[in-house]
There are 2 protein chains.
Amino acid sequence: MAKTDLIKDLGPISQRTMADVVEKELRDYLKKKLFKPGDALPSELELADALGVSRNVVREALSRLRMLGMIETKKRRGMILSTPDILGSFERVLDPLIIDDSTLQDIFELRLTLEMGLADILYLRKKKKDIAELEAIAKSQDGGGKGQAFRINNEIAFHGKIYQMTGNETLMRFQNMLLPIFGYVISLEKVPQIGKVSHIDLVNILKDGTKEEFREGMLEHLKPHFNKLK
Amino acid sequence: MAKTDLIKDLGPISQRTMADVVEKELRDYLKKKLFKPGDALPSELELADALGVSRNVVREALSRLRMLGMIETKKRRGMILSTPDILGSFERVLDPLIIDDSTLQDIFELRLTLEMGLADILYLRKKKKDIAELEAIAKSQDGGGKGQAFRINNEIAFHGKIYQMTGNETLMRFQNMLLPIFGYVISLEKVPQIGKVSHIDLVNILKDGTKEEFREGMLEHLKPHFNKLK
DNA sequence: CATTTGATATATGTAGGACATATCTACAAT
DNA sequence: ATTGTAGATATGTCCTACATATATCAAATG
């Protein structure tokens with residue numbers, strides 16, 4: 001067997017640390033044993049003993065699970081399984097500067113997709129009061145000439161309000177996290193183009209129009225972004 | 001001031017551990033200093049020294065960042081900033097059994113929203129070859145009477161293929177993670193209802209129909225789910 | 001000279017001990 | 001019944017020590 005063959009066949013051996021292993025072990029254990037939120041876990045020392053590793057390693061693994069919100073620890077009472085904040089970990093990682101361009105583009109498209117898919121839930125839950133607030137936001141922008149910063153904030157406020165109107169807390173938080181990405185990708189544009197359908201147009205559709213009209217309106221509103229996709 | 005007022009005003013004091021603080025400190029530091037992927041970090045000992053904490057605490061914080069994929073460590077070379085896998089942390093936490101019902105519902109709606117918003121990107125990127133594969137999946141189900149497990153797997157395969165056709169890797173992985181949630185919520189249904197528009201209908205629309213027709217078709221396909229929303 | 005081998009220093013990975021701190025339990029004091 | 005005290009226990013933090021992998025450089029080998 002030639003040397004190159006050997007090199008090709010031999011992949012790098014696993015470089016997982018004990019903390020990695022223990023973390024996975026613990027998560028599998030919790031899953032397999034059908035632990036429910038509120039259930040108590042063994043103490044760190046017991047875990048270390050059972051797994052045959054030092055308390056240090058166990059603590060690193062537990063520290064990760066704690067960050068994810070999967071467990072909570074109290075001083076003498078020990079640790080209990082908890083319901084994690086599923087978006088919390090997401091938030092920590094969502095920094096445009098450290099995400100690769102391909103993923104940034106993916107996220108940009110993800111938000112466009114969400115925006116286009118909102119109509120049904122929006123029409124299910126929209127309330128007069130919310131539409132009035134949305135209108136106020138749209139109109140506050142109408143004057144124009146308020147500067148770039150104002151324009152961006154207003155854009156964020158308008159679309160954020162729409163998400164809020166869906167009554168879906170997770171969806172709203174999710175889009176809020178995507179905002180920096182969206183802003184970053186847009187900031188790369190040379191000429192900021194604006195769709196034919198304005199915010200006020202969308203509000204008017206929301207007031208009197210149908211879901212289908214709203215979808216068409218949103219598509220037109222986002223058209224400049226869609227046009228740039230490949 | 002009444003006693004109840006006092007109790008209401010006094011929240012529990014912060015219980016953040018040093019590891020929590022250091023983790024945040026490090027993330028802020030990396031952000032503020034505009035660290036880019038590939039940049040080297042100080043050694044654990046230097047960090048511990050600079051922050052005035054033990055190496056143990058620093059290691060717990062670093063262990064978290066490592067789990068998120070924000071940093072990579074090599075034995076002697078030290079640590080370097082890295083581009084995190086933004087969905088990796090998500091994956092760990094997405095277990096239907098430990099997520100509260102309200103969030104489960106939110107995620108269910110999130111997936112419906114995505115599905116309804118896919119049309120534009122799908123029509124931008126769909127290829128004959130993919131449609132053929134999609135058709136094969138749809139037809140393999142047509143026979144019927146293949147049992148519950150087959151039906152569910154086929155459902156997953158069909159919708160998964162649609163996401164894959166968007167060419168958006170992140171979107172596809174994202175929906176893949178949402179599958180267990182979706183499956184779980186659906187499994188709670190007593191009578192599994194099926195929309196008027198079938199998979200094969202959707203394929204046919206993809207072949208000859210417009211984006212708008214596809215959206216309408218998808219809405220009909222998902223109708224039973226939408227009907228249950230409040 | 002080029003390549004390989006070997007030695008050394010260094011940063012991370014792991015172990016184990018020590019002590020502080022918070023809090024649950026139980027019991028005593030008022 | 002509330003408050004105070006004491007002991008037990010699990011976590012939080014620090015420290016030391018050593019194993020391990022690897023970048024760097026020197027030495028050896030052809």
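Below, read A as the first sequence line, B as the second, and so on, with proteins coming before strands; counting in each chain starts at 1.
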Asks: Please report, rounded to the nearest Å, how far the P atom of D/dA10 is from the CD1 atom of A/I71.
Replies: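 Those two atoms, CD1 and P, are 16 Å apart.
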
Asks: Roughly how many Å is it from CG in A/D49 to P in C/dG17, rounded to a whole number?
Replies: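 Checked: the CG to P distance equals 12 Å.
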
Asks: Ignoring hydrogens and angles, are the base of C/dG16 and the side chain of A/N56 linked by a donor-acceptor pair under 3.5 Å?
Replies: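 Check passes, donor-acceptor contact within cut-off.
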
Asks: Both A/T17 and A/R77 contact DNA chain C. Which one's nearest nucleotide lies toward the 5' end?
Replies: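 Mapping each residue to its closest nucleotide by heavy atoms, the 5'-most match is A/T17.
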
Asks: A/R92 and B/S89: side-chain donor and acceptor closer than 3.5 Å?
Replies: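 Looking only at side-chain atoms, B/S89 and A/R92 do not form any donor-acceptor pair under 3.5 Å.
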
Asks: Any side-chain donor-acceptor pair under 3.5 Å between B/Q175 and B/H159?
Replies: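 Result is no, nothing qualifies.
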
Asks: Using whole Å, report how far CD of B/E46 lies from P of C/dA11.
Replies: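 Rounded to the whole Å, the gap is 7 Å.
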
Asks: So, OP1 or OP2 of C/dA11: does either fall under 4.0 Å of a side-chain N or O from B/T73?
Replies: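 No, outside the criterion.
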
Asks: In whole angstrom, what separates B/E72's CD from C/dA11's P?
Replies: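 Rounded to the whole Å, the gap is 19 Å.
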
Asks: I need the minimum non-hydrogen distance between A/P96 and A/P180, along with the two atoms involved.
Replies: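 Heavy-atom minimum between the residues: CG-O, 3.9 Å.
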
Asks: In whole Å, what is the span from the CD atom of B/E60 to the P atom of C/dT12?
Replies: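 Interatomic distance, CD of B/E60 to P of C/dT12: 16 Å.
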
Asks: Test for a donor-acceptor pair under 3.5 Å between the base of C/dG13 and the side chain of A/R16, counting only N and O atoms.
Replies: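 No, the side chain and the base share no sub-3.5 Å donor-acceptor pair.
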
Asks: Under the 3.5 Å rule, do the base of D/dT13 and the side chain of B/R59 count as making a donor-acceptor pair?
Replies: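 Donor-acceptor pair under 3.5 Å: no.
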
Asks: Tell me whether the side-chain N/O atoms of B/S43 come closer than 4.0 Å to OP1 or OP2 in C/dT10.
Replies: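 Checking B/S43 against C/dT10: no side-chain N or O falls below 4.0 Å of OP1 or OP2.
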
Asks: Using whole Å, what does the distance between atom P of nucleotide D/dC14 and atom CD of B/E44 come to?
Replies: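 Rounded to the whole Å, the gap is 14 Å.
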
Asks: Distance check needed: D/dT13 C1' versus B/L51 CG, whole Å only.
Replies: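 Taking CG of B/L51 and C1' of D/dT13, I get 14 Å after rounding.
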
Asks: When you check the phosphate oxygens OP1 and OP2 of D/dT13, does a side-chain N or O of A/R55 lie under 4.0 Å from one of them?
Replies: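 Answer is no, no contact under 4.0 Å.
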
Asks: Consider only side-chain N and O atoms of A/D100 and A/T103, and report whether a donor and an acceptor are under 3.5 Å apart.
Replies: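 Judged by distance alone, the side chains do pair up.
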
Asks: At under 4.0 Å, does any side-chain N or O of A/S54 touch on OP1 or OP2 of C/dT14?
Replies: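 Checking A/S54 against C/dT14: no side-chain N or O falls below 4.0 Å of OP1 or OP2.
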
Asks: Send over the distance from A/L45 CG to C/dG16 C1', rounded to a whole Å.
Replies: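 Distance, rounded to whole Å: 11 Å.
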
Asks: Would you please say whether a donor-acceptor pair under 3.5 Å links the side chains of A/S43 and A/E46?
Replies: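 Yes, side-chain donor-acceptor contact under 3.5 Å.
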
